[in-house]
Amino acid sequence: MFDNLTDKFGDFFRSMSGRGKISEENIRESMKNVRTALLEADVNYTVVKDFCEKVVEKALGEEVIKSLKPDELMVKIVHDELAALMGPVDSSIYYVSPGPTIIMLAGLQGSGKTTTCGKLAKHLLKEGKTPLLTAVDLQRPAAIEQLKTLGAQLEIPVFSRTDTKDAVAVCREAVQFAKGNNKDVVILDTAGRLHIDTELMTELGNICKAVNPHQIFLVCDAMTGQDAVNSAKEFNEQLELDGVILTKLDGDARGGAALSVKAVTGKPIKFMGVGEKLENLEEFHPERMAGRILGMGDIVSLVNKAQEQFDEEETEKLQEKMSKGTFTFDDFLKQMSAMRNMGGLKSIMKLIPGMGQAMKGINVDDGEIKKIEAMIMSMTKDERRDPDVITPSRRKRIAAGSGSEQNAVAGLIKTFKQSRQMMQMMSGGGPMSKLKALSAMGGNMNEMMEGLGSMGKMPGMGRSGKNFDMPGMSGKHRSKRKKVERKKRPKNNRKK
């Protein structure tokens with residue numbers, strides 16, 4: 001998502017670096033590439049033109065802050081303008097009392113509307129609500145079955161009828177069912193079409209008149225770029241939307257819809273789908289998204305993800321193990337599971353400030369981590385607790401059980417011990433306690449991959465073979481490790 005745009009903005013800021021001052025000439029010259037990148041990202045032409053003019057205007061009118069260099073000042077200006085372009089946004093859902101609150105989801109076929117209903121229901125469960133899913137797409141029996149499947153996964157009821165084609169009647173009955181069964185939110189999964197037509201809009205209009213939904217969200221596929229924006233504009237003219245939910249932002253989306261929809265329709269993006277799992281729905285925050293686009297990461301979202309995976313008690317236990325050097329393979333397995341639930345290694349890396357550019361050209365394959373998991377799962381409980389008991393014969397058994405080479409198992413054990421020592425050095429206090437576990441996981445994972453990479457195959461690495469440092473490994477610790485490695489190297493191999 002936004003990779004090309006991020007690169008172009010990076011080139012723009014680097015072109016401003018080293019300049020003594022900002023002038024209209026050098027800004028306009030540098031902004032040409034930004035304008036081209038935005039258009040290539042399928043951002044609306046008028047939006048691109050207005051955005052570039054505002055950036056130039058702000059840059060020329062901005063008093064140069066002595067503590068900031070020209071490139072740093074431009075980062076601030078562009079970030080603020082991107083945030084303003086996509087916002088402001090209030091991502092909260094307004095609930096009525098007495099309920100139920102009625103939320104209607106509309107959208108074209110293929111936009112991910114039914115799946116988004118399930119994701120939204122899971123989001124409501126986290127807020128302590130008791131939602132009811134309603135299958136209103138009576139044209140497609142598959143949509144009804146899909147919604148029932150999602151309801152079963154979430155253990156929430158799904159109201160549906162297969163003996164009628166009257167969508168309005170189904171919606172009315174669903175609201176009455178919710179009132180009689182203490183459901184405080186009703187989510188309506190309405191019908192979609194391949195394109196906007198009179199029949200679709202008439203049906204949606206009749207539903208609105210019948211049940212008067214409190215909020216109407218349009219589900220748009222971010223992969224369709226300006227088509228998504230145009231659809232949002234047409235739907236809004238007919239229904240008066242309350243917001244947009246952009247789906248498939250984890251895919252090869254160029255970013256045009258995210259940057260254009262608010263400016264073109266006047267309606268904000270409320271949520272964004274960033275994966276196929278039901279938990280992969282995030283509230284949309286313009287400031288954070290601007291940071292992601294500029295390669296500045298999104299540490300707030302990373303903290304929130306970590307908070308969902310690590311409670312206070314687990315974090316304290318992990319810190320204690322780190323400080324004592326008693327971190328085990330079982331602890332590492334728990335961390336990998338938590339990392340997978342947070343979206344995977346590649347997803348996490350993009351949220352860490354500065355890591356987006358550092359990871360450029362490196363292919364992080366989360367699937368390769370399964371090889372490490374297989375080796376660990378082939379160990380006994382005692383071996384996972386204390387790797388020192390693993391003898392050569394045990395290594396042979398572990399390798400056979402995991403389908404690995406014996407030297408790979410040996411390398412895993414060696415680097416695990418080294419990383420455990422490193423984590424013991426790194427353990428300590430800090431204001432971001434929720435990220436300590438994540439930092440430990442990053443340092444540990446990096447050591448694992450480095451060790452396996454020294455044997456000719458580094459899980460998670462692309463053809464470039466570049467090395468990288470995960471969070472939690474500061475410069476001073478890296479330098480210490482390098483010094484240790486140099487000491488171990490035979491004298492005749494040392495650099496003179």
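The figures here come from the full heavy-atom set of this structure, side chains too, leaving out hydrogens, waters and symmetry mates.
Annotation: side chain of Val264 is in contact with side chain of Val47 (closest heavy-atom distance under 4.5 Å). The closest side-chain heavy-atom distance from Cys220 to Val261 is not below 4.5 Å. Counting heavy atoms from C-beta on, the side chains of Lys54 and Lys49 never come closer than 4.5 Å. Proximity of Met289 to Ile293: side-chain heavy atoms (C-beta onward) are separated by under 4.5 Å at one or more points. Side chains of Val186 and Pro131 form no contact here, defined as non-hydrogen atoms less than 4.5 Å apart. Using a 4.5 Å heavy-atom cutoff, the side chains of Val175 and Ile102 are in contact. You'll find the side chain of Met201 reaches within 4.5 Å of the side chain of Ile196, heavy atoms only. Contact annotation: the side chain of Met31 approaches that of Val56 to within less than 4.5 Å [non-hydrogen atoms, C-beta and beyond].
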Item checked: Working for side chain to side chain contact (heavy atoms under 4.5 Å, CB included), residues Thr247 and Met272 -> CA-CA 6 Å; Thr247 62; Met272 56 184 182; over 6 Å; no
Next item on the list: Begin with the C-alpha distance, continue with both residues' side-chain angles, and end with the deciding distance and a verdict on salt bridge (Lys or Arg N to Asp or Glu O under 4.0 Å) for Lys165 and Glu203.
Entry: CA-CA 11 Å; Lys165 295 295 183 181; Glu203 181 178 293; over 6 Å; no
Next item on the list: Kindly indicate, with the supporting measurements, whether the criterion side chain to side chain contact (heavy atoms under 4.5 Å, CB included) is fulfilled by Thr202 and Asn206.
Entry: CA-CA 6 Å; Thr202 299; Asn206 290 337; 3.7 Å; yes
Item checked: CA sep, side-chain torsions, deciding dist, call: Lys270, Val244, side chain to side chain contact (heavy atoms under 4.5 Å, CB included) -> CA-CA 6 Å; Lys270 301 278 281 188; Val244 174; over 6 Å; no
Check: Hey, mind stepping through Phe51 and Leu82 against side chain to side chain contact (heavy atoms under 4.5 Å, CB included) and telling me if it holds?
Finding: CA-CA 8 Å; Phe51 172 80; Leu82 282 175; 3.8 Å; yes
Note to self: Is there a salt bridge (Lys or Arg N to Asp or Glu O under 4.0 Å) between Asp80 and Lys76? Walk through the geometry before answering.
What the structure shows: CA-CA 6 Å; Asp80 292 347; Lys76 177 182 182 303; 3.1 Å; yes
Notebook entry, point to check: Checking salt bridge (Lys or Arg N to Asp or Glu O under 4.0 Å) for the pair Glu199/Arg193: CA distance, chi angles, key distance, verdict?
Noted result: CA-CA 9 Å; Glu199 183 182 1; Arg193 298 286 191 279; 3.6 Å; yes
Note to self: Using side-chain hydrogen bond (donor to acceptor under 3.5 Å, both in side chains), reason through Thr134 and Glu173 one step at a time and then give a plain yes or no.
What the structure shows: CA-CA 10 Å; Thr134 306; Glu173 292 175 21; over 6 Å; no
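Screening residues 181-238 for ring pair (Phe, Tyr, Trp, His ring centres under 6.0 Å) gives no qualifying pairs among residues at least two apart or on separate chains.
Shown here is Lys209, whose NZ atom has no more than 12 heavy atoms of other residues, nucleotides or ligands within 6.0 Å. Counting heavy atoms of neighbouring residues, nucleotides and ligands inside a 6.0 Å radius, atom NZ of Lys129 exceeds 12 of them. Within 6.0 Å of CD in Glu276 there are 12 or fewer heavy atoms belonging to other residues, nucleotides or ligands.
Not a single side-chain hydrogen bond (donor to acceptor under 3.5 Å, both in side chains) links Gln215 to another residue, sequence neighbours left out. Scanning for side-chain contact (heavy atoms from CB on, under 4.5 Å) contacts around Glu145 gives Lys148, with sequence neighbours left out. For Thr114, the side-chain hydrogen bond (donor to acceptor under 3.5 Å, both in side chains) criterion is met by Asp189, not counting sequence neighbours. For Ser404, the side-chain hydrogen bond (donor to acceptor under 3.5 Å, both in side chains) partners at least two apart in sequence or on another chain are Ser402.
Taking all atoms of both residues into account, the shortest heavy-atom contact from Gln226 to Gly256 is NE2-O, 3.8 Å. In terms of heavy-atom proximity, Ala228 sits nearest to Asp221 at CB-O, 3.6 Å. Of all the heavy atoms in Cys208 and Leu239, the pair that sits closest is SG-CD2, 4.2 Å. Taking every heavy atom of both residues into account, Asp137 and Ala143 meet most closely at OD2-CB, 3.7 Å. Contact between Ala106 and Thr190 at its shortest, heavy atoms only, is CA-OG1, 3.5 Å. The two residues Ala290 and Met86 have their closest heavy-atom pair at N-CE, 3.8 Å.
The closest donor-acceptor contact from the side chain of Asp242 to the backbone of Ile216 lies under 3.5 Å. Within the 3.5 Å criterion, the main-chain N or O of Leu85 finds no donor-acceptor partner in the side chain of Lys262. Although no hydrogens or angles enter the test, the distance criterion places no donor-acceptor pair under 3.5 Å between the side chain of Lys183 and the main chain of Pro100. Panel note: side chain His79, backbone Glu287; a donor-acceptor pair is recorded below 3.5 Å. At distances below 3.5 Å, not a single donor-acceptor pair connects side-chain atoms of Ser260 with backbone N or O atoms of Ala257. Side-chain N or O atoms of Ser111 include one that pairs as donor or acceptor with a backbone N or O of Leu108 at under 3.5 Å. In this structure, Lys122 contributes its side chain and Asn280 its backbone to no donor-acceptor pair below 3.5 Å.
Thr46 contributes atom OG1, which lies 5.0 Å from atom CG of Asn44 (distance to the nearest 0.5 angstrom). Taken to the nearest 0.5 Å, the CG atom of Leu120 stands 8.5 Å off from the CG atom of Leu133. Atoms CG and CG, from Asn33 and Leu38 in turn, are 11.0 Å apart once rounded to the nearest 0.5 Å. In this structure, Gln146 CD and Lys113 NZ are separated by 9.0 Å, a value rounded to the nearest 0.5 Å. Here the CD atom belonging to Glu81 is positioned 11.5 Å from the CD atom belonging to Glu53, to the nearest 0.5 angstrom. Taken to the nearest 0.5 Å, the OG atom of Ser160 stands 6.0 Å off from the CD1 atom of Ile144.
Between Phe177 and Phe159, the distance from one ring center to the other falls under 6.0 angstrom.
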I'd like a table of donor-acceptor pairs (distance under 3.5 Å, sequence neighbours excluded) in which one partner is a side-chain atom from residues 87-99, with atom names and distances.
{"unit_1": "Asp90", "atom_1": "OD1", "unit_2": "Ser92", "atom_2": "N", "d": "3.2"}
{"unit_1": "Asp90", "atom_1": "OD1", "unit_2": "Ser92", "atom_2": "OG", "d": "2.7"}
{"unit_1": "Asp90", "atom_1": "OD2", "unit_2": "Ser92", "atom_2": "OG", "d": "3.2"}
{"unit_1": "Asp90", "atom_1": "OD2", "unit_2": "Tyr94", "atom_2": "OH", "d": "2.2"}
{"unit_1": "Ser91", "atom_1": "OG", "unit_2": "Glu283", "atom_2": "OE1", "d": "3.1"}
{"unit_1": "Tyr95", "atom_1": "OH", "unit_2": "Glu127", "atom_2": "OE1", "d": "2.5"}

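Put simply, the residue from Leu125, Thr130, Ile187, Leu150 that forms a side chain to side chain contact (heavy atoms under 4.5 Å, CB included) with Ile156 is Leu125.
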